Visitor: 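Sharing a structure below in C-alpha coordinates format, with a few things to ask.
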Amino acid sequence: MQPRTLPRGRAAVLRAVTGCRGRREEQALHCVVCKLGLASDVVLATALLVRYGKRGLLGPAQRLFDEMPRRDAVAFNAMLAALGASGRAADARRLFDRMPERDRTPASWNTLLTCYCRAGDLASARTVFEASLRAATSSVVSWNAMVDGYCKAGRMDAARELFDRMGSSLRDVITYNTMMAGYLRRGDPAAAIAMFRRLAREEEQTLRPTAVTIATVVTACTQVGDFAFGRAVHLSTRQLLGTSTDAVLSNALMDMYFKCGSVDRALEVFSTMPGAPNLFCWNTVIAGLGRNGRGEDAVRAFRDMVQTSKKINAVKPDSVTFVALLSACSHSGLVREGRELFAEMLPAHGVAPGAEHYGCMVDLLCRAGLLGEAVQLVRTMPVRPNAKVLGCLLLHARSSGDGVTASEWAARRIVELDVRDGAAYGLSNLYASLQRWDHVERRRSAAVASGKEPGRTSYDAQIPHVR
DNA sequence: CCTCACACGC
(Lines give C-alpha, C1' and ligand atoms only; values in the text may rest on other atoms or scores of the structure.)
Protein backbone atom coordinates (compact mmCIF):
# COMPACT_ATOMS: atom_id res chain seq x y z
CA MET A 1 0.00 0.00 0.00
CA GLN A 2 1.59 3.25 -1.11
CA PRO A 3 0.83 6.34 0.95
CA ARG A 4 -1.45 8.82 -0.84
CA THR A 5 0.09 11.88 0.77
CA LEU A 6 3.55 13.18 1.60
CA PRO A 7 5.47 11.79 -1.39
CA ARG A 8 8.17 14.38 -0.86
CA GLY A 9 8.21 13.76 2.84
CA ARG A 10 8.60 10.05 2.20
CA ALA A 11 11.64 10.62 0.03
CA ALA A 12 13.13 12.86 2.70
CA VAL A 13 12.54 10.26 5.40
CA LEU A 14 14.11 7.57 3.22
CA ARG A 15 17.18 9.72 2.66
CA ALA A 16 17.40 10.39 6.38
CA VAL A 17 17.21 6.67 7.19
CA THR A 18 19.90 5.64 4.70
CA GLY A 19 22.17 8.52 5.70
CA CYS A 20 21.78 8.41 9.46
CA ARG A 21 24.28 6.99 11.93
CA GLY A 22 23.81 6.25 15.57
CA ARG A 23 21.10 4.24 17.21
CA ARG A 24 19.25 7.21 18.67
CA GLU A 25 18.73 8.67 15.20
CA GLU A 26 17.46 5.32 13.95
CA GLN A 27 14.96 5.00 16.73
CA ALA A 28 13.79 8.58 16.24
CA LEU A 29 13.31 8.00 12.52
CA HIS A 30 11.49 4.76 13.21
CA CYS A 31 9.09 6.81 15.35
CA VAL A 32 8.70 9.41 12.60
CA VAL A 33 7.90 6.67 10.08
CA CYS A 34 5.22 5.26 12.35
CA LYS A 35 3.75 8.67 13.20
CA LEU A 36 3.49 9.59 9.52
CA GLY A 37 1.58 6.37 8.91
CA LEU A 38 4.37 5.05 6.67
CA ALA A 39 5.10 1.91 8.68
CA SER A 40 3.51 -0.29 6.02
CA ASP A 41 5.76 1.15 3.31
CA VAL A 42 8.00 -1.77 2.30
CA VAL A 43 10.84 0.43 1.11
CA LEU A 44 11.01 2.50 4.30
CA ALA A 45 10.60 -0.55 6.50
CA THR A 46 13.41 -2.31 4.61
CA ALA A 47 15.68 0.70 5.01
CA LEU A 48 15.08 0.67 8.76
CA LEU A 49 15.54 -3.10 8.87
CA VAL A 50 18.97 -2.72 7.26
CA ARG A 51 20.05 -0.21 9.90
CA TYR A 52 18.97 -2.42 12.78
CA GLY A 53 20.52 -5.47 11.13
CA LYS A 54 23.92 -3.82 10.75
CA ARG A 55 23.81 -2.84 14.39
CA GLY A 56 23.10 -6.44 15.37
CA LEU A 57 19.62 -5.56 16.67
CA LEU A 58 17.94 -8.70 15.41
CA GLY A 59 14.74 -8.27 17.44
CA PRO A 60 13.64 -4.93 15.95
CA ALA A 61 14.76 -6.08 12.48
CA GLN A 62 12.70 -9.25 12.71
CA ARG A 63 9.66 -7.28 13.95
CA LEU A 64 9.85 -4.91 10.99
CA PHE A 65 10.11 -7.85 8.62
CA ASP A 66 7.21 -9.75 10.21
CA GLU A 67 4.96 -6.70 10.14
CA MET A 68 5.45 -5.95 6.45
CA PRO A 69 2.14 -6.28 4.63
CA ARG A 70 3.98 -7.71 1.64
CA ARG A 71 7.62 -8.60 1.18
CA ASP A 72 9.65 -8.16 -1.98
CA ALA A 73 12.96 -9.84 -2.75
CA VAL A 74 14.85 -6.81 -1.42
CA ALA A 75 13.15 -7.10 1.97
CA PHE A 76 14.01 -10.82 2.10
CA ASN A 77 17.63 -10.07 1.25
CA ALA A 78 17.84 -7.40 3.91
CA MET A 79 16.51 -9.83 6.49
CA LEU A 80 18.96 -12.53 5.32
CA ALA A 81 21.81 -10.06 5.70
CA ALA A 82 20.61 -9.07 9.18
CA LEU A 83 20.62 -12.71 10.24
CA GLY A 84 24.07 -13.16 8.71
CA ALA A 85 25.46 -10.14 10.54
CA SER A 86 24.41 -11.76 13.81
CA GLY A 87 25.99 -15.08 12.87
CA ARG A 88 22.66 -16.87 12.40
CA ALA A 89 23.48 -18.82 9.25
CA ALA A 90 21.04 -21.64 10.05
CA ASP A 91 18.15 -19.18 10.44
CA ALA A 92 19.19 -17.48 7.21
CA ARG A 93 19.10 -20.86 5.46
CA ARG A 94 15.53 -21.50 6.68
CA LEU A 95 14.40 -18.06 5.50
CA PHE A 96 16.13 -18.58 2.15
CA ASP A 97 14.29 -21.88 1.67
CA ARG A 98 11.00 -20.07 2.31
CA MET A 99 11.68 -17.41 -0.34
CA PRO A 100 9.16 -17.59 -3.19
CA GLU A 101 11.36 -16.33 -6.02
CA ARG A 102 14.83 -17.18 -4.85
CA ASP A 103 15.90 -18.74 -8.17
CA ARG A 104 15.49 -15.38 -9.86
CA THR A 105 17.19 -13.29 -7.17
CA PRO A 106 20.97 -13.71 -7.31
CA ALA A 107 21.46 -11.34 -4.39
CA SER A 108 19.78 -13.84 -2.06
CA TRP A 109 22.25 -16.57 -3.00
CA ASN A 110 25.12 -14.18 -2.45
CA THR A 111 23.74 -13.06 0.88
CA LEU A 112 23.33 -16.64 2.07
CA LEU A 113 26.86 -17.39 0.87
CA THR A 114 28.14 -14.47 2.94
CA CYS A 115 26.12 -15.64 5.98
CA TYR A 116 27.98 -18.96 5.88
CA CYS A 117 31.33 -17.22 5.43
CA ARG A 118 30.71 -15.01 8.44
CA ALA A 119 29.76 -18.02 10.50
CA GLY A 120 33.06 -19.66 9.49
CA ASP A 121 31.30 -22.41 7.52
CA LEU A 122 33.31 -22.18 4.29
CA ALA A 123 32.18 -25.63 3.13
CA SER A 124 28.49 -24.63 3.14
CA ALA A 125 29.40 -21.31 1.54
CA ARG A 126 31.18 -23.19 -1.23
CA THR A 127 28.16 -25.45 -1.72
CA VAL A 128 25.90 -22.40 -2.16
CA PHE A 129 28.46 -20.89 -4.52
CA GLU A 130 28.63 -24.01 -6.70
CA ALA A 131 24.84 -24.29 -6.68
CA SER A 132 24.48 -20.69 -7.79
CA LEU A 133 26.90 -21.39 -10.66
CA ARG A 134 24.72 -24.32 -11.79
CA ALA A 135 21.48 -22.37 -11.28
CA ALA A 136 22.94 -19.53 -13.37
CA THR A 137 22.14 -17.08 -10.59
CA SER A 138 25.78 -16.22 -10.18
CA SER A 139 27.53 -13.02 -11.09
CA VAL A 140 30.87 -11.43 -10.39
CA VAL A 141 29.45 -10.58 -6.95
CA SER A 142 29.10 -14.30 -6.15
CA TRP A 143 32.72 -14.89 -7.08
CA ASN A 144 33.87 -11.87 -5.10
CA ALA A 145 31.87 -12.96 -2.06
CA MET A 146 33.45 -16.43 -2.19
CA VAL A 147 36.93 -14.99 -2.73
CA ASP A 148 36.37 -12.68 0.26
CA GLY A 149 35.16 -15.61 2.35
CA TYR A 150 38.46 -17.43 1.74
CA CYS A 151 40.45 -14.24 2.34
CA LYS A 152 38.75 -13.56 5.69
CA ALA A 153 39.33 -17.19 6.70
CA GLY A 154 43.04 -16.71 5.94
CA ARG A 155 42.93 -19.20 3.06
CA MET A 156 44.70 -17.07 0.50
CA ASP A 157 45.64 -20.11 -1.58
CA ALA A 158 41.97 -20.97 -2.16
CA ALA A 159 41.15 -17.31 -2.80
CA ARG A 160 43.97 -17.10 -5.34
CA GLU A 161 42.71 -20.22 -7.11
CA LEU A 162 39.27 -18.64 -7.63
CA PHE A 163 40.90 -15.37 -8.67
CA ASP A 164 42.81 -17.23 -11.39
CA ARG A 165 39.74 -19.20 -12.49
CA MET A 166 37.75 -15.98 -12.90
CA GLY A 167 39.97 -14.71 -15.68
CA SER A 168 40.30 -11.11 -16.74
CA SER A 169 36.86 -11.02 -18.37
CA LEU A 170 35.02 -11.72 -15.10
CA ARG A 171 37.23 -9.96 -12.56
CA ASP A 172 36.32 -6.44 -11.54
CA VAL A 173 38.09 -3.90 -9.37
CA ILE A 174 36.39 -5.28 -6.23
CA THR A 175 38.00 -8.67 -6.94
CA TYR A 176 41.37 -6.94 -6.82
CA ASN A 177 40.45 -4.88 -3.73
CA THR A 178 39.34 -8.07 -1.97
CA MET A 179 42.57 -9.92 -2.75
CA MET A 180 44.70 -6.96 -1.70
CA ALA A 181 42.85 -6.66 1.61
CA GLY A 182 43.25 -10.41 2.10
CA TYR A 183 47.01 -10.28 1.69
CA LEU A 184 47.17 -7.29 4.04
CA ARG A 185 45.14 -9.08 6.70
CA ARG A 186 47.39 -12.11 6.45
CA GLY A 187 50.39 -9.88 7.01
CA ASP A 188 51.71 -9.96 3.46
CA PRO A 189 51.64 -6.31 2.31
CA ALA A 190 54.18 -7.02 -0.44
CA ALA A 191 51.69 -9.39 -2.10
CA ALA A 192 49.01 -6.68 -1.80
CA ILE A 193 51.29 -4.22 -3.59
CA ALA A 194 52.04 -6.83 -6.26
CA MET A 195 48.27 -7.19 -6.81
CA PHE A 196 47.95 -3.45 -7.20
CA ARG A 197 50.75 -3.38 -9.78
CA ARG A 198 49.07 -6.21 -11.64
CA LEU A 199 45.78 -4.29 -11.69
CA ALA A 200 47.52 -1.25 -13.06
CA ARG A 201 49.45 -3.29 -15.64
CA GLU A 202 47.05 -5.93 -16.90
CA GLU A 203 43.65 -4.37 -16.57
CA GLU A 204 44.72 -0.90 -17.53
CA GLN A 205 42.17 -0.50 -20.30
CA THR A 206 39.18 -2.02 -18.56
CA LEU A 207 39.43 -1.44 -14.81
CA ARG A 208 39.98 1.74 -12.86
CA PRO A 209 41.10 1.71 -9.23
CA THR A 210 38.70 3.07 -6.65
CA ALA A 211 39.38 5.04 -3.48
CA VAL A 212 39.32 1.67 -1.68
CA THR A 213 42.09 0.37 -3.96
CA ILE A 214 44.27 3.37 -3.23
CA ALA A 215 43.55 3.29 0.51
CA THR A 216 44.50 -0.40 0.63
CA VAL A 217 47.73 -0.04 -1.33
CA VAL A 218 48.74 2.98 0.75
CA THR A 219 48.20 0.93 3.90
CA ALA A 220 50.33 -1.83 2.36
CA CYS A 221 53.08 0.70 1.62
CA THR A 222 52.95 1.90 5.23
CA GLN A 223 53.32 -1.66 6.50
CA VAL A 224 56.33 -2.54 4.34
CA GLY A 225 57.80 0.93 4.82
CA ASP A 226 57.82 1.72 1.11
CA PHE A 227 57.03 5.38 1.60
CA ALA A 228 58.41 6.34 -1.80
CA PHE A 229 55.85 4.23 -3.60
CA GLY A 230 53.11 5.35 -1.21
CA ARG A 231 53.99 8.95 -1.92
CA ALA A 232 53.98 8.28 -5.66
CA VAL A 233 50.54 6.67 -5.42
CA HIS A 234 49.28 9.68 -3.45
CA LEU A 235 50.60 12.11 -6.06
CA SER A 236 48.91 10.21 -8.88
CA THR A 237 45.63 9.72 -7.02
CA ARG A 238 43.75 12.37 -8.94
CA GLN A 239 44.88 10.86 -12.22
CA LEU A 240 44.14 7.29 -11.10
CA LEU A 241 40.76 8.04 -9.60
CA GLY A 242 39.48 10.87 -11.72
CA THR A 243 37.82 12.17 -8.55
CA SER A 244 39.08 13.59 -5.29
CA THR A 245 39.80 11.52 -2.20
CA ASP A 246 37.42 10.24 0.46
CA ALA A 247 37.66 9.99 4.24
CA VAL A 248 39.03 6.44 4.31
CA LEU A 249 41.75 7.23 1.81
CA SER A 250 42.64 10.43 3.65
CA ASN A 251 42.96 8.38 6.81
CA ALA A 252 45.29 5.85 5.19
CA LEU A 253 47.43 8.68 3.77
CA MET A 254 47.64 10.48 7.11
CA ASP A 255 48.63 7.28 8.84
CA MET A 256 51.39 6.71 6.29
CA TYR A 257 52.79 10.23 6.55
CA PHE A 258 52.71 10.17 10.36
CA LYS A 259 54.48 6.83 10.44
CA CYS A 260 57.28 8.04 8.19
CA GLY A 261 57.62 11.23 10.20
CA SER A 262 56.11 13.64 7.66
CA VAL A 263 53.87 15.42 10.14
CA ASP A 264 53.35 18.40 7.84
CA ARG A 265 52.16 16.26 4.95
CA ALA A 266 49.84 14.32 7.25
CA LEU A 267 48.31 17.55 8.53
CA GLU A 268 47.97 18.84 4.99
CA VAL A 269 45.92 15.77 4.08
CA PHE A 270 43.86 16.35 7.21
CA SER A 271 43.09 19.97 6.44
CA THR A 272 42.22 19.31 2.79
CA MET A 273 40.14 16.19 3.24
CA PRO A 274 36.57 16.27 1.96
CA GLY A 275 33.85 16.79 4.54
CA ALA A 276 34.15 16.81 8.31
CA PRO A 277 36.71 14.39 9.77
CA ASN A 278 35.17 11.29 11.34
CA LEU A 279 36.23 9.48 14.50
CA PHE A 280 38.86 7.39 12.66
CA CYS A 281 40.51 10.51 11.24
CA TRP A 282 40.68 12.28 14.61
CA ASN A 283 42.11 9.17 16.24
CA THR A 284 44.75 8.89 13.52
CA VAL A 285 45.73 12.55 13.94
CA ILE A 286 45.95 12.37 17.74
CA ALA A 287 47.96 9.14 17.63
CA GLY A 288 50.16 10.44 14.82
CA LEU A 289 51.02 13.65 16.62
CA GLY A 290 51.73 11.66 19.77
CA ARG A 291 54.10 9.21 18.09
CA ASN A 292 55.99 12.14 16.58
CA GLY A 293 56.56 13.72 19.98
CA ARG A 294 53.95 16.43 19.47
CA GLY A 295 52.00 15.87 22.66
CA GLU A 296 50.79 19.45 23.02
CA ASP A 297 49.43 19.38 19.49
CA ALA A 298 47.73 16.05 20.16
CA VAL A 299 45.93 17.58 23.16
CA ARG A 300 45.03 20.60 21.01
CA ALA A 301 43.66 18.30 18.30
CA PHE A 302 41.57 16.53 20.92
CA ARG A 303 40.14 19.84 22.12
CA ASP A 304 39.36 20.75 18.48
CA MET A 305 37.65 17.42 18.03
CA VAL A 306 35.41 17.99 21.03
CA GLN A 307 34.69 21.60 20.04
CA THR A 308 33.84 21.08 16.38
CA SER A 309 31.83 17.99 17.22
CA LYS A 310 29.50 20.07 19.37
CA LYS A 311 28.61 22.20 16.38
CA ILE A 312 28.39 20.11 13.23
CA ASN A 313 28.16 16.35 13.57
CA ALA A 314 28.52 14.43 16.76
CA VAL A 315 31.95 12.79 16.66
CA LYS A 316 32.46 11.62 20.22
CA PRO A 317 35.86 10.43 21.43
CA ASP A 318 35.98 6.70 22.07
CA SER A 319 38.23 4.32 23.93
CA VAL A 320 40.83 4.40 21.13
CA THR A 321 40.93 8.22 21.22
CA PHE A 322 41.95 8.17 24.87
CA VAL A 323 44.60 5.51 24.41
CA ALA A 324 46.10 7.67 21.67
CA LEU A 325 45.74 10.82 23.72
CA LEU A 326 47.14 9.46 26.99
CA SER A 327 50.00 7.77 25.12
CA ALA A 328 50.76 11.12 23.50
CA CYS A 329 50.90 12.76 26.94
CA SER A 330 53.09 9.95 28.20
CA HIS A 331 55.60 10.22 25.33
CA SER A 332 55.83 14.00 25.71
CA GLY A 333 55.94 14.02 29.51
CA LEU A 334 52.69 15.96 29.87
CA VAL A 335 51.86 14.76 33.37
CA ARG A 336 49.39 17.47 34.37
CA GLU A 337 47.47 17.31 31.07
CA GLY A 338 47.42 13.52 31.15
CA ARG A 339 46.03 13.46 34.68
CA GLU A 340 43.34 16.01 33.78
CA LEU A 341 42.29 14.21 30.61
CA PHE A 342 42.19 10.87 32.39
CA ALA A 343 40.01 12.39 35.11
CA GLU A 344 37.52 13.85 32.66
CA MET A 345 37.12 10.68 30.57
CA LEU A 346 33.94 9.37 32.17
CA PRO A 347 32.31 12.55 33.52
CA ALA A 348 32.86 14.73 30.45
CA HIS A 349 33.02 12.20 27.59
CA GLY A 350 31.21 9.12 28.81
CA VAL A 351 34.14 6.78 28.19
CA ALA A 352 34.87 4.49 31.14
CA PRO A 353 38.64 4.04 31.67
CA GLY A 354 39.66 0.47 30.87
CA ALA A 355 42.78 -1.51 31.66
CA GLU A 356 44.56 -0.04 28.62
CA HIS A 357 43.93 3.52 29.84
CA TYR A 358 45.26 2.69 33.29
CA GLY A 359 48.23 1.22 31.47
CA CYS A 360 48.85 4.56 29.76
CA MET A 361 48.57 6.42 33.06
CA VAL A 362 50.92 4.05 34.86
CA ASP A 363 53.36 4.48 31.99
CA LEU A 364 52.97 8.26 32.17
CA LEU A 365 53.50 8.44 35.93
CA CYS A 366 56.41 5.99 35.93
CA ARG A 367 58.23 7.81 33.16
CA ALA A 368 57.84 11.01 35.14
CA GLY A 369 59.34 9.28 38.17
CA LEU A 370 56.09 9.35 40.14
CA LEU A 371 56.28 5.71 41.18
CA GLY A 372 54.26 6.11 44.36
CA GLU A 373 51.39 7.70 42.51
CA ALA A 374 51.50 4.93 39.89
CA VAL A 375 51.30 2.24 42.58
CA GLN A 376 48.45 4.09 44.24
CA LEU A 377 46.59 4.25 40.92
CA VAL A 378 46.98 0.52 40.30
CA ARG A 379 45.90 -0.24 43.88
CA THR A 380 42.68 1.71 43.51
CA MET A 381 41.82 0.87 39.91
CA PRO A 382 38.40 -0.74 39.51
CA VAL A 383 39.62 -2.93 36.63
CA ARG A 384 41.83 -5.92 37.34
CA PRO A 385 45.41 -4.86 36.61
CA ASN A 386 46.77 -6.76 33.60
CA ALA A 387 50.25 -7.99 32.87
CA LYS A 388 51.16 -4.85 30.96
CA VAL A 389 50.31 -2.53 33.83
CA LEU A 390 52.15 -4.63 36.39
CA GLY A 391 55.09 -5.22 34.07
CA CYS A 392 55.47 -1.48 33.57
CA LEU A 393 55.39 -0.93 37.31
CA LEU A 394 57.96 -3.63 37.92
CA LEU A 395 60.19 -2.24 35.20
CA HIS A 396 60.34 1.22 36.74
CA ALA A 397 60.34 0.05 40.33
CA ARG A 398 63.64 -1.76 39.84
CA SER A 399 65.48 1.30 38.62
CA SER A 400 64.26 3.63 41.33
CA GLY A 401 65.68 3.78 44.82
CA ASP A 402 62.41 3.54 46.72
CA GLY A 403 61.06 0.86 44.43
CA VAL A 404 61.63 -2.18 46.59
CA THR A 405 58.20 -2.32 48.17
CA ALA A 406 56.50 -1.37 44.89
CA SER A 407 58.48 -4.07 43.16
CA GLU A 408 57.48 -6.68 45.73
CA TRP A 409 53.86 -5.59 45.55
CA ALA A 410 53.78 -5.77 41.74
CA ALA A 411 55.51 -9.14 41.84
CA ARG A 412 52.86 -10.57 44.15
CA ARG A 413 50.05 -9.29 41.87
CA ILE A 414 51.81 -10.82 38.85
CA VAL A 415 51.91 -14.23 40.47
CA GLU A 416 48.15 -13.99 40.88
CA LEU A 417 47.62 -13.45 37.16
CA ASP A 418 46.07 -16.13 35.02
CA VAL A 419 48.80 -18.35 33.56
CA ARG A 420 46.65 -18.93 30.47
CA ASP A 421 47.03 -15.23 29.63
CA GLY A 422 49.81 -14.99 27.05
CA ALA A 423 51.05 -11.65 28.34
CA ALA A 424 51.12 -12.97 31.90
CA TYR A 425 53.19 -15.91 30.72
CA GLY A 426 55.46 -13.45 28.95
CA LEU A 427 55.98 -11.77 32.29
CA SER A 428 57.61 -14.90 33.57
CA ASN A 429 60.17 -14.41 30.83
CA LEU A 430 60.62 -10.90 32.13
CA TYR A 431 61.27 -12.39 35.54
CA ALA A 432 63.87 -14.62 33.96
CA SER A 433 65.75 -11.61 32.73
CA LEU A 434 65.55 -10.16 36.22
CA GLN A 435 66.93 -13.33 37.78
CA ARG A 436 63.74 -14.04 39.65
CA TRP A 437 64.22 -17.76 39.13
CA ASP A 438 62.10 -18.82 42.03
CA HIS A 439 59.01 -17.15 40.57
CA VAL A 440 59.80 -18.38 37.08
CA GLU A 441 60.03 -21.98 38.19
CA ARG A 442 56.79 -21.81 40.11
CA ARG A 443 54.85 -20.21 37.28
CA ARG A 444 56.28 -22.38 34.52
CA SER A 445 55.71 -25.66 36.27
CA ALA A 446 52.14 -24.58 36.97
CA ALA A 447 51.59 -23.72 33.34
CA VAL A 448 53.11 -26.94 32.04
CA ALA A 449 51.26 -29.08 34.57
CA SER A 450 47.95 -27.59 33.48
CA GLY A 451 48.84 -28.22 29.85
CA LYS A 452 48.17 -24.58 29.05
CA GLU A 453 51.64 -23.33 28.32
CA PRO A 454 51.22 -20.68 25.66
CA GLY A 455 53.84 -19.85 23.07
CA ARG A 456 56.07 -16.84 23.07
CA THR A 457 54.14 -13.61 22.92
CA SER A 458 54.62 -10.09 21.69
CA TYR A 459 55.43 -9.18 25.26
CA ASP A 460 58.80 -10.84 24.76
CA ALA A 461 59.72 -8.07 22.38
CA GLN A 462 59.67 -5.65 25.29
CA ILE A 463 62.34 -7.44 27.25
CA PRO A 464 65.31 -5.71 25.59
CA HIS A 465 64.06 -2.50 27.21
CA VAL A 466 64.89 -3.94 30.60
CA ARG A 467 68.33 -2.97 31.68
C1' DC B 1 15.25 -0.31 0.10
C1' DC B 2 19.20 -5.70 -0.55
C1' DT B 3 24.24 -9.08 -2.01
C1' DC B 4 31.19 -8.37 -2.76
C1' DA B 5 36.20 -4.35 -1.18
C1' DC B 6 39.08 0.03 2.53
C1' DA B 7 40.91 3.42 7.53
C1' DC B 8 42.65 4.48 14.14
C1' DG B 9 45.56 3.24 19.81
C1' DC B 10 49.12 -0.32 22.79
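Residue numbers begin at 1 in each chain, while the letters A, B, ... track the order of the sequences. As the structure is a prediction and not an experimental result, all values here were calculated from the model.
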Visitor: In whole angstrom, give the distance that lies between atom CZ of Phe65(A) and atom C1' of dC1(B).
Guide: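 Rounding to the nearest Å, CZ of Phe65(A) and C1' of dC1(B) are 13 Å apart.
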Visitor: Do Phe76(A) and Phe65(A) have ring centroids that are under 6.0 Å from one another?
Guide: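 Yes.
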Visitor: How long is the gap from CE on Met146(A) to OG on Ser138(A), to the nearest 0.5 Å?
Guide: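 Going from CE on Met146(A) over to OG on Ser138(A), the span is 13.0 Å.
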Visitor: Which label fits Phe342(A) and Tyr358(A): parallel for a plane angle under 30°, tilted from 30 to 60°, or perpendicular past 60°?
Guide: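 Ring orientation of Phe342(A) relative to Tyr358(A): perpendicular.
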Visitor: Under 4.0 Å between a Lys/Arg side-chain N and an Asp/Glu carboxylate O for Arg160(A) and Asp164(A)?
Guide: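 Asp164(A) and Arg160(A): salt-bridged.
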Visitor: Ring-plane angle category for Phe322(A) and His349(A), please: parallel below 30°, perpendicular beyond 60°, tilted otherwise.
Guide: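 Aromatic pair Phe322(A)/His349(A) classed tilted.
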Visitor: Counting primed atoms plus P, OP1 and OP2 as sugar-phosphate and everything else as base, spell out the protein contacts along nucleotides 5-10 of chain B at 4.0 Å heavy-atom distance: B, S or - for each nucleotide, 5' to 3'.
Guide: BBBBBS
Visitor: Are Phe163(A) and Tyr176(A) an aromatic pair, judged by ring center distance below 6.0 Å?
Guide: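 Yes, close enough.
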Visitor: Which residues within residues 78-113 of chain A lie with some heavy atom under 4.0 Å of an atom in DNA chain B?
Guide: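 Going residue by residue through residues 78-113 of chain A, the ones with a heavy atom under 4.0 Å of DNA chain B turn out to be Ala107(A), Asn110(A), Thr111(A).
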Visitor: Rounded to the nearest 0.5 Å, how far apart are CG of Leu44(A) and CG of Leu64(A)?
Guide: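 The CG atom of Leu44(A) sits 10.5 Å away from the CG atom of Leu64(A).
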Visitor: Between Glu344(A), Glu296(A), Glu337(A), Glu340(A), which is the residue that forms a salt bridge (charged side-chain N to carboxylate O under 4.0 Å, His left out) with Arg303(A)?
Guide: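 So, applying the salt bridge (charged side-chain N to carboxylate O under 4.0 Å, His left out) to Arg303(A) and each of Glu344(A), Glu296(A), Glu337(A), Glu340(A), only Glu344(A) qualifies.
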